[in-house]
Amino acid sequence: MSLSKNHENVYVLNQTNQLKGLFTIIRDRTKPRSEFIFYANRIIRLIVEEGLNHLPVSPAQVTTAQNVKFDGVVFDGRICGVSIMRAGESMEQGLRDCCRSVRIGKILIQRDEESQEPVLHFKKLPDDIADRYVLLLDPMLATGGSAMCAMDVLISMGCKQEQIIFLNVIASPEGLNNVHQRFPNIRIVTAVIDEGLDDKGYITPGLGDFGDIYFGTKI
Ligand code: PRP
Ligand code: URA
């Protein structure tokens with residue numbers, strides 16, 4: 001994991017050969033959908049594990065079966081997930097695999113294909129979200145409009161920027177700049193920063209429409 005050179009609070013997974021190999025599969029448009037889902041899930045798991053590193057901990061001592069003390073840590077504070085529907089829902093299982101019975105709120109935001117502007121349709125969030133760390137889930141950060149719309153919703157519910165950790169698979173430099181400028185204290189954990197955006201606001205090289213591939217809606 002390294003800190004982005006251009007932004008404080010933006011963390012990028014180490015670009016290991018393992019991670020590059022996983023991206024080579026999910027970016028390959030000739031691969032079947034089943035492979036996309038399987039390997040995207042593996043990347044998501046790595047992002048979730050890294051995201052959990054950003055939660056506060058306190059010291060905790062246990063005694064091992066060797067009857068020896070071990071100085072470890074326990075997580076402090078309560079968390080919840082919030083997925084930006086629909087593509088963010090693909091990241092829910094990865095979070096559940098790490099955090100049993102985690103509460104998950106939903107915000108339905110869809111980009112208008114023409115204007116690329118995000119439209120908020122629906123939200124359902126834990127009542128006590130302001131008292132929790134929020135792991136905000138969306139695999140694609142393109143213009144940043146959808147993420148910022150979701151962040152506005154969380155802030156309006158009383159969440160502080162410092163409580164929000166945005167978990168993301170592919171980010172564009174433009175999206176990172178936009179989000180970071182508006183919400184400098186929200187931490188962003190991403191697996192990779194791509195080159196840029198095309199004239200339709202798609203990430204390039206990117207992988208196309210993540211939600212459509214993952215959920216199989218555009219044949
Ligand atoms: C995609 C993606 C993000 C958004 C990113 O969702 O999952 O939410 O676009 O683009 P932005 O940074 O320019 O806002 P989309 O609206 O296509 O809906 P989907 O989740 O149903 O695929
Ligand atoms: N949403 C996606 O799924 N992909 C992009 O490249 C941009 C937005």
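Throughout, numbering of the chain's residues begins at 1 and tracks the sequence. Whatever order the structure lists them in is the order used to number ligands and atoms, beginning at 1. All figures in this text were calculated on a predicted structure; none of them were measured in a lab.
Counting all heavy atoms, side chain and backbone alike, Glu162 lies closest to Arg187 at O-NH2, 2.8 Å. Asp97 and Arg45 make their closest contact through CB-NH1, 3.6 Å (heavy atoms, listed as atom of the first residue, atom of the second, distance). The two atoms that bring Gln161 and Phe183 nearest to each other are OE1-C, 3.1 Å, heavy atoms only. Nearest heavy atom pair, residue Ile44 against residue Gly94, reads CG2-CA, 4.3 Å. Across all non-hydrogen atoms, the minimal contact from Gly211 to Thr217 is O-OG1, 4.2 Å. What you find for Ser172 and Gly196 is that their closest heavy atoms are CB-O, 4.3 Å.
Of all protein heavy atoms, the one lying nearest to atom 22 (O) of ligand 1 is Arg86 NH2, 3.2 Å. For atom 14 (O) of ligand 1, the nearest protein heavy atom (residue, atom name, distance) is Ser146 OG, 2.6 Å. For atom 10 (O) of ligand 1, the closest non-hydrogen atom on the protein side is Arg111 CD, 3.1 Å. Of the protein's non-hydrogen atoms, Gln110 NE2, 3.3 Å is the one closest to atom 18 (O) of ligand 1. In this structure, atom 7 (C) of ligand 2 lies nearest to the protein heavy atom Ala142 CB, 3.7 Å. The protein heavy-atom contact nearest to atom 3 (O) of ligand 2 is Phe210 N, 2.9 Å. Protein heavy atom in closest approach to atom 1 (N) of ligand 2: Met140 CB, 4.0 Å. Given atom 5 (C) of ligand 2, the protein heavy atom at minimum distance is Tyr202 CD2, 3.4 Å.
When each atom of ligand 2 is checked for a heavy atom of Arg111 under 4.0 Å away, the hits are 7 (C), 8 (C). The Asp209 neighbourhood of ligand 1 comprises atoms 17 (O), 22 (O), with distances under 4.0 Å to a heavy atom of that residue. Close contacts between ligand 1 and Thr143 involve ligand atoms 11 (P), 12 (O), 13 (O), 14 (O) [criterion: under 4.0 Å to a heavy atom].
For ligand 1, the polar-atom distance check finds an N/O of Ala87 within less than 3.5 Å of one of the ligand's N/O atoms. On a distance-only criterion, Ala142 and ligand 1 share at least one N/O pair closer than 3.5 Å. Residue-to-ligand polar distances keep Asp212 apart from ligand 1: every N/O pair is separated by 3.5 Å or more. In terms of polar-atom proximity, Gly211 is not counted as a contact of ligand 2, lacking any N or O under 3.5 Å from an N or O of the ligand. Polar contact check, Ile203 against ligand 2: a nitrogen or oxygen pair lies under 3.5 Å apart.
Looking at heavy atoms from C-beta onward, Thr190 lies out of side-chain contact with Leu141 at the 4.5 angstrom threshold. Taking the side chain as every heavy atom from C-beta outward, Arg182 and Met151 never approach each other to under 4.5 Å.
With Arg33 contributing its side chain and Tyr214 its backbone, the two residues share a donor-acceptor pair below 3.5 Å. In this structure, the side chain of Arg86 does not engage the main chain of Leu108 through any donor-acceptor pair within 3.5 Å.
Contact between Gly144 and ligand 1 is present, with at least one heavy atom of the residue lying under 4.0 Å from the ligand. Look at Gln116 and you'll find every heavy atom at least 4.0 Å from all atoms of ligand 1.
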| Passes side-chain contact (heavy atoms from CB on, under 4.5 Å), Ile165 versus Leu52? Steps please. | CA-CA 9 Å; Ile165 302 163; Leu52 296 175; over 6 Å; no
| Can you list the steps and then say if Ile104 with Glu89 is a side-chain contact (heavy atoms from CB on, under 4.5 Å)? | CA-CA 10 Å; Ile104 297 188; Glu89 292 179 296; over 6 Å; no
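Contacts between Asp138 and ligand 1, counted as non-hydrogen atom pairs separated by less than 4.0 Å, involve the side chain only.
For atom 4 (C) of ligand 1, the nearest protein heavy atom is under 4.0 Å away.
Remark: Arg111 is not positioned above the aromatic ring of Phe210, lacking an NZ or CZ atom under 6.0 angstrom from the ring centre and at most 45 degrees off the axis.
Considering each of Gly206, Gly208, Gly145, Gly201, the one bringing a non-hydrogen atom nearest atom 4 (N) of ligand 2 is Gly208.
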